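Encoded as structure tokens, the structure appears first; notes follow it.
The analysis underlying the following values was restricted to heavy atoms, covering all of them including side chains, and did not include hydrogens, waters or symmetry mates. Note that this is a predicted model, so its numbers are computed, not measured. Sequence lines set the chain letters: A, B, ... in the order given, protein chains first and strands last, and positions in each chain run from 1.
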Amino acid sequence: MKEVGKSYLNELNDVQRQAALCIDGPVMVIAGPGSGKTRVLTYRIAHMIHSGINPGQILSLTFTNKAAREMKDRIEKVVGTKAHRVWAGTFHSIFAKILRVEAHRLGYPNDFTIYDTDDTKSVLAEIIKHLNLDKKVYAPGLVRARISAAKSNLITPKAYASNDELMAYDRMNRRPMIHVIYEKYVAKCKRAGAMDFDDLLLQMFRLLYQNPDNTREKYQNQFKYLLVDEFQDTNYLQYEILKLLTVYPGSQQNICIVGDDAQSIYSFRGATIENILHFETDFPDLKTFKLEQNYRSTQFIVDAANEVINHNKKQIHKKIWTDKSDGNKIKVIKTMTETEEGKRVADTIIEQKNRFNLSNRDIAILYRTNGQSRVFEEQLRKYNIPYRVYGGLSFYSRKEIKDLIAYLRLTVNDKDDEALKRIINYPRRGIGDTTLDQLSSIANDNELSMWEVLNSVSLNGRNKKSLGDFVNLIRAFKQKAATSDAYEIASYIYRNSGIEKLLKEDKSPEGEGRIENVISLLDGIQEFVQEDEVVDGEPLSTDRSLSAYLQSISLMTDADEKETDPDYVTLMSVHAAKGLEFKSVFVVGLEENLFPSYQSLMESNSVDEERRLFYVAITRAEEYLCLTYANSRYQYGQTRFNDPSRFLEEISEHNLDTLITISKKPSFAEPKILGNFKPLNSRKPAISINPADFVASNPTDIKPGMEVIHLKFGQGKVLTVDERLVATIMFDGLSDAPEKRIMLQFAKLQIVE
DNA sequence: GGGGGCTATGGGGGG
DNA sequence: CATAGCCCCC
């Protein structure tokens, strides 16, 4: 598309155009789902650049790297390669980039390590152990959450200890030592030259607030124009950083925030909608725009979404509407088990592909928890439908990848104790737990890194050689790293650390998969080194060091990886789907205790957040929306029976397609046997099998020839019972393998009178 | 110090 | 059900 002048502005509606053109002073855009928010942001930036603003002065913060990359691509289509000069990225990645230049002013090395959640928990576990605290009471995950919340609210360890509310809360939960752990954790990270995810924000804040060498003015001048996407998901700390960058004498306050309170789904990591309210008072000259027209979805979907979200009381008033009047009603599928749910979804995908000529890439399956992906994967595989699972175990969290990366990390930053602990005995070199404990104790007591201990203290007999070999190995790597690019050193380490040899010993398919993964990691490093893009006559990046590479991947998630063949069905969590859209969307597992989640039902108010999450889920759909739930679900080693999700009832019937009740044999689903079938929109949620009504018969009473009901398999006839009380039963409802062997002592059978 | 097998425990979303 | 952690034995 060749653009002359500013004709791109014709592609915006009135409100969108006003929001895009209003580039001076504070602006707030409240943008409903599918309202063209990204389009506004894109054209706004394009317009800025067209108006002569230096792209390098524009800072555009998003929540995923993917969103940032998309935006850059779209800006590039309008303004050309100058788009690359825009600072666009996530809060974490942009700040990490800045801190790589500035960290030394705060007492960190510029090539600091970024600790992921696992590293953090491992550091905490060590501190908890060292303090002789019970690790069951001080569960690292819990402690991490407390510390993370403190950092996100700018509460230092000292402030934490003198904060009555926090201390009282910890005492009440019998964890009065959290503030001590917090203090030690901060010190230990600093000693290790490491920042956790929260530190990337916190240290950026310190850099601006404490202002060493006038860094505050430097970045205030650097970033004259700020844009923040998904503002409802920012936390207190992020907001304070934004204020430091924009609120100062003489500032033009060119900051544009875009958000939707109805799509706030990250309060668990400290996001607060309060920020929107504060924004209005902190920037009194604010101009507000509301984008209310939904261009994405058809009428039934928009209506349903409005119905659902209106159950939340606290909201910024807006009315989302669409002019796409025709469309398909929302399909609801109920199944007996989660396996059947997977099968029905796969069937429906085949049907949609044939009837509506959809490609795989038009289709997404969205779930509340990553663990739900498995059944859908199995069924899609059966039908040979290509799919891609996002989230869950990311490439970089695979063991073999983490192992090699740990070598790279230690080579770059020898103070990185977490990396050292991971590889000091991998591959095995006879350094066991005892030695490791001693090392870490000495390190803790003397406030040294383990590497420093290894290099200074003379260790006793038995391990002397293996420890010495390890030190020499890492020294050799460090020496090589000084003169090599990231790829050369990484492949050198792969070959010489013993990892290659170890992996090649394993001839199993899994083992070969691990080698492939490591090879593709090395390929990725090579790609990084060979990056040759030139913008405005300058190379995009010049730093090909290992350190630069590690930083580039540490904030990457699975969802950010490049597509090779783009025609896949997408499987992802609802959280990960935010900002995306698909022609056809399946939202699965709509059951109480799953969506809304069990945890959310325990805490007051958090059902509202689950509802917003559901709102996000259904508004991803353009034309076809299908909601599914299963009557029973195998969870945590047992069959659970959950009511249909309350959210289903919040959609009125005229937006829904006929409820499909699925069962191979109708008799299985007949109310007269199992009872309690009710239409979906009745006041009380439908409970197809109420476990409370089910009375298990005494195992010894069950004899061959009897008709029995099984909670999961339905009705069947007992064929035999053996001496160990194992019955063979022929179930009416099971077509594949109707004969099941049931252990009567677990009493899931009721005799039919 | 290493490895196998058993038990207890947890169990959400992500940068 | 998965995994971490523990115990026990080599």
Side-chain angles (χ1 to χ4, degrees), chain A residues 61-68 89-96 114-122 125 129 135-136 139-142 144-145 148 151-152 195-202 204 230 233-235 237-238 264-271 338 366-372 374 390-394 396-397 399 424-438 462-463 466 553-560 572-579 589 593-603 606 609-610 612-614 616-617 633-640:
Chain A
L61 297 166
T62 53
F63 267 78
T64 63
N65 295 312
K66 196 176 180 184
T90 63
F91 279 87
H92 292 87
S93 69
I94 295 283
F95 295 166
I114 296 174
Y115 274 174
D116 65 18
T117 310
D118 285 345
D119 294 320
T120 295
K121 283 195 206 162
S122 159
K129 190 174 168 189
K135 66 175 175 301
K136 285 189 181 114
L142 256 160
R144 192 202 72 90
S148 174
K151 285 185 175 179
S152 304
M195 297 193 196
D196 64 18
F197 290 134
D198 298 312
D199 279 326
L200 296 177
L201 309 178
L202 186 58
M204 182 69 197
E230 311 281 12
D233 290 331
T234 54
N235 62 30
L237 172 52
Q238 286 163 325
S264 158
I265 56 174
Y266 282 103
S267 75
F268 71 90
R269 66 176 201 216
E338 80 270 33
L366 309 181
Y367 33 77
R368 178 64 182 84
T369 65
N370 284 311
Q372 286 164 256
R374 210 198 73 243
Y390 291 87
L393 201 62
S394 104
Y396 298 103
S397 38
K399 184 189 175 302
I424 191 165
N425 198 32
Y426 177 86
R428 293 230 159 74
R429 42 177 77 88
I431 302 167
D433 293 342
T434 318
T435 313
L436 207 54
D437 281 352
Q438 283 172 8
R462 187 166 163 186
N463 300 90
S466 36
I553 60 160
S554 56
L555 297 167
M556 214 144 17
T557 61
D558 216 24
D560 297 321
M572 55 169 54
S573 70
V574 181
H575 281 93
K578 188 154 86 151
N593 298 318
L594 183 60
F595 199 175
S597 77
Y598 174 74
Q599 289 88 339
S600 75
L601 297 174
M602 298 291 109
E603 313 156 39
S606 61
E609 176 146 322
E610 296 286 306
R612 292 192 293 268
L613 191 60
F614 182 61
V616 167
R633 184 174 293 278
Y634 208 62
Q635 282 174 297
Y636 314 129
Q638 55 177 315
T639 308
R640 303 280 182 101

Rounding to a whole Å, what distance do you find between A:F197:CZ and B:dG15:P? 8 Å

Are any of A:N235's side-chain N or O atoms less than 4.0 Å away from OP1 or OP2 of B:dG15? no

In whole angstroms, how far is the P atom of B:dG14 from the CD atom of A:Q599? 14 Å

Taking 4.0 Å as the cut-off, does a side-chain nitrogen or oxygen of A:N370 come that near to OP1 or OP2 on B:dG13? yes

What residues, two or more places apart in sequence or in another chain, satisfy ring pair (Phe, Tyr, Trp, His ring centres under 6.0 Å) together with A:Y115? none

Distance, rounded to the nearest Å, where A:D116 contributes CG and B:dG14 contributes P: 14 Å

Rounded to whole angstrom units, what separation is found between the CD atom of A:E609 and the C1' atom of B:dG13? 9 Å

Where the side chain of A:T369 is concerned, which of B:dG12, B:dG14, B:dG3 is the nearest nucleotide? B:dG12

Please tell me whether A:E609 and A:S606 have a donor and an acceptor in their side chains that are separated by less than 3.5 angstrom. no

Tell me, please, which residues at least two apart from A:K578 pass salt bridge (Lys or Arg N to Asp or Glu O under 4.0 Å). A:E230, A:D233

How would DNA chain B look in dot-bracket form, 5' to 3', counting Watson-Crick and G-U wobble pairs with both distances under 3.5 Å and writing | for bases paired to another strand? ||||||||||.....

Considering residues at least two apart in sequence or located in another chain, which fulfil the salt bridge (Lys or Arg N to Asp or Glu O under 4.0 Å) criterion with A:R374? A:E378

Would you please determine if the base of B:dG13 is stacked by A:F268, with stacking meaning a centroid separation under 5.5 angstrom and planes under 30 degrees? yes

The ring pair (Phe, Tyr, Trp, His ring centres under 6.0 Å) partners of A:H575 (sequence neighbours excluded) come to A:Y266, A:F268

Between A:T434 and B:dG1, does any side-chain N or O lie under 4.0 Å from OP1 or OP2? yes

Taking C-beta and beyond as the side chain, do A:Y396 and A:D116 meet within less than 4.5 Å on heavy atoms? no

Contact span of DNA chain C against chain A, any nucleotide atom under 4.0 Å from a heavy atom, 5' to 3', runs C:dC1 to C:dC6

Would one find a side-chain N or O of A:T435 under 4.0 angstrom from OP1 or OP2 of B:dG1? yes

Is there a side-chain polar atom (N or O) of A:R269 under 4.0 Å from OP1 or OP2 of B:dG12? no

Taking only side-chain N and O atoms of A:S597, does any of them lie within less than 4.0 angstrom of OP1 or OP2 on B:dG13? no

Look at the side chain of A:Q238 and the base of B:dG15, then say whether one donor and one acceptor between them are separated by less than 3.5 Å. no

Take atom CG of A:L61 and atom C1' of B:dG15, then tell me their distance rounded to the nearest Å. 13 Å

